[in-house]
Amino acid sequence: MAFLSDTLARVKPSPTVAMTQLAAELKAQGKDIIGLSAGEPDFDTPDNIKAAAIAAINANQTRYTAPDGIIELKQAICAKFARENGLSYEPSQISVSTGGKQVLYNAFIATLNPGDEVIIPAPYWVSYPDIVKLGQGTPVIIEGKPELGYKITADQLEAAITPQTKWFLFNSPSNPTGAGYSWAELKAITEVLMKHPHVWVMSDDMYEHLAYDGFEFCTPAQVEPALYERTLTVNGVSKAYAMTGWRIGYAGGPVALITAMRKVQSQSTNNPCTISQWAAVEALNGPQDFLVPRAEAFRRRRDLVCEKLNAIDGITCPVPEGAFYVYPSITGLLGKTSAAGTVIGDDEAFATALLEEQGVAVVFGAAFGLSANFRISYATSDAVLEEACARIAAFCDGLR
Ligand SMILES: Cc1ncc(COP(=O)(O)O)c(C=O)c1O
């Protein structure tokens, strides 16, 4: 009898974490490493949010709560959905979890049966296919088009839907490309979904507030209200409020689904950290004015990185609408040999050689299901980004 489960054998560890670890090891050896692989803002959690957490501790808000969140936070989430997304939810339709990741996990564990398919556009956030596999489901990957900034078309979605499709997983702005779907682009997608009433929609809106150049964020249940009854709208405080370590994510959806998700959570982690929940109440109800200057700082960094990368022979970098990632293509560099003699056979070889020879840690595209590319997280200072781009240029110039 095998000790480890067959389900676990189908799942791989996170490649982004592996790359970040390799970079940390090289750094510990005294090497001069620039890390561009982590998916979190470099800003601090705003002071009013930290103060709310401290006040919660002092008020002895330190006990168990309802498994899927305190009523005050559910009300703040309902207000947020109404204010920012034009979506009307009751507290009974809200689930709060230990990060957006657990929201997705709960939803898939609660709904997937063996053979159920989940359509995932690639490149995708590394965890999507593996969470689906943990839930015994089958990921069905459709590849975004480079000429559309790696977005998918309605025709591609139509062709991927089968009687076994349970979910369509949508993420805009995207990790890893930063691509955001406009209202018209999303409308075309929702029109396909309207033809297939058995398909549910999971919208991962985690990067909603990180959008640039006037890009107007929209979410499926808003664009097509008739999808509301079969949509789970997922969001969280991690990225927008620089609260990755606080671990609060949430979702709005039909009561039956939310109740099923609560059951999963009540038999695993139970409630998300009580103190973090009170901090999240302040994040959502408190002042929102810092979001604009932070987004503006990200936009400036995006422009800097895209400009520098597009100036390098063999690299093509679409300018994305949001998030804090870019996803340049290295197709023009494949088959070349680096200064230290590594053949750039694929994007993993590129990322490894770039780290070893120039000390820049990025994540290779295969990790996100679409090659030959790499992902840069530009959530770091302008000076670090300038230096990183100079090193990438030196590496590419050295290829023969
Ligand atoms: C697209 C996407 N969804 C969800 C998450 C999960 O966020 P959280 O930190 O709230 O679990 C991430 C985190 O990197 C992400 O990039």
Side-chain angles (χ1 to χ4, degrees), residues 13-20 35-43 45 49 68-69 73 77 80 94-109 118 120-132 134 139 144 150-151 167-181 201-211 217 219-220 232-252 261 265 268-269 272-273 276-277 279-280 283-284 298 320-327 363 367-370 375-379:
S14 163
T16 38
V17 173
M19 203 62 190
T20 307
L36 302 180
S37 58
E40 61 183 344
D42 56 326
F43 296 117
T45 304
I49 300 175
D68 57 358
L73 181 50
I77 292 165
K80 176 262 178 271
I94 302 295
S95 185
V96 184
S97 297
T98 302
K101 199 172 208 169
Q102 195 189 17
V103 174
L104 299 169
Y105 181 85
N106 289 345
F108 285 136
I109 295 291
V118 179
I120 304 175
Y124 44 71
W125 180 41
V126 288
S127 295
Y128 290 154
D130 291 293
I131 298 177
V132 167
L134 276 174
Y150 300 103
K151 289 179 253 191
W167 287 99
F168 168 58
L169 179 41
F170 179 74
N171 175 218
S172 164
S174 147
N175 178 2
T177 63
Y181 287 70
V201 187
M202 197 175 308
S203 184
D204 180 346
D205 299 350
M206 200 56 76
Y207 293 93
E208 166 178 13
H209 286 293
L210 303 170
F217 171 84
T219 189
L232 186 70
T233 305
V234 181
N235 213 316
V237 296
S238 294
K239 313 286 175 171
Y241 299 95
M243 292 176 70
T244 48
W246 299 75
R247 313 305 304 129
I248 296 291
Y250 58 84
M261 289 165 62
Q265 188 159 299
S268 51
T269 58
C273 170
S276 297
Q277 290 190 61
L284 295 176
F298 280 131
E321 289 81 6
F324 39 69
Y325 309 106
V326 290
Y327 199 66
V363 186
F368 306 102
L370 193 144
R375 186 193 78 174
I376 282 183
S377 165
Y378 56 80

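Heavy-atom basis, side chains included; hydrogens, waters and symmetry copies ignored. Just so you know, these numbers come straight off a predicted model, no measurement behind them. In listed order, ligands and their atoms are each counted from 1.
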Check: Considering only the protein, which heavy-atom contact is closest to atom 11 (O) of ligand 1, and what is its distance?
Finding: R247 NH2, 2.8 Å
Check: Taking all atoms of both residues into account, what is the closest heavy-atom pair of I248 and A280, and its distance?
Finding: CG2-CB, 3.9 Å
Next item on the list: Walk me through it: do N175 and F324 pass the test side-chain contact (heavy atoms from CB on, under 4.5 Å)?
Entry: CA-CA 8 Å; N175 178 2; F324 39 69; over 6 Å; no
Notebook entry, point to check: Nearest protein heavy atom to atom 5 (C) of ligand 1, by residue and atom, and its distance?
Noted result: W125 CH2, 3.4 Å
Note to self: For a quick test of reading the model, state the closest non-hydrogen atom pair linking G249 to V103 and the distance between them.
What the structure shows: C-CG2, 3.7 Å
Next item on the list: Measure the distance from atom 7 (O) of ligand 1 to every protein heavy atom, then report the residue, atom name and distance (to 0.1 Å) of the closest one.
Entry: M206 CE, 3.8 Å
Next item on the list: Consider every N or O of T98 and every N or O of ligand 1, then say whether any pair is closer than 3.5 Å.
Entry: no
Margin query: Under 4.0 Å, heavy-atom basis, I'd like to know which part of K239 is in contact with ligand 1: side chain, backbone, both or neither.
Written below: side chain
Notebook entry, point to check: Which class fits the ring pair W167 and F108: parallel under 30°, tilted 30 to 60°, perpendicular over 60°?
Noted result: perpendicular
Note to self: Do Q265 and S97 pair up side chain to side chain, a donor and an acceptor below 3.5 Å, judged on atom types alone?
What the structure shows: yes
Next item on the list: Verify whether one side chain among Y250 and D68 offers a donor that lies under 3.5 Å from an acceptor in the other.
Entry: no
Note to self: Can you name the atoms of ligand 1, numbered from 1 with element, that are less than 4.0 Å from a heavy atom of S238?
What the structure shows: 8 (P), 9 (O), 10 (O)
Check: Starting from atom 1 (C) of ligand 1, which protein heavy atom do you reach first, and at what distance in Å?
Finding: D204 OD2, 3.4 Å
Next item on the list: Applying side-chain hydrogen bond (donor to acceptor under 3.5 Å, both in side chains), run through N171 and Y207 and close with a yes or a no.
Entry: CA-CA 9 Å; N171 175 218; Y207 293 93; over 6 Å; no
Notebook entry, point to check: Does at least one non-hydrogen atom of G100 fall below 4.0 angstrom from an atom of ligand 1?
Noted result: yes
Notebook entry, point to check: Do T233 and S203 have side-chain N/O donor and acceptor atoms under 3.5 Å apart?
Noted result: no
Check: Taking heavy atoms and a distance under 4.0 Å, where does Y128 meet ligand 1: side chain, backbone, both or neither?
Finding: side chain
Next item on the list: Report yes if G39 has an N/O atom closer than 3.5 Å to an N/O atom of ligand 1; otherwise report no.
Entry: no
Check: Which of the atoms of ligand 1 are close to G99, meaning less than 4.0 Å from one of its heavy atoms?
Finding: 10 (O), 11 (O)
Checklist line | Contact partition for V237 relative to ligand 1, non-hydrogen atoms under 4.0 Å | finding: neither
Next item on the list: Could you check whether the rings of F170 and F168 sit parallel, tilted or perpendicular, using 30° and 60° as the cut-offs?
Entry: tilted
Next item on the list: Return a yes/no value for N171: is any of its N or O atoms, backbone included, closer than 3.5 angstrom to an N or O of ligand 1?
Entry: no
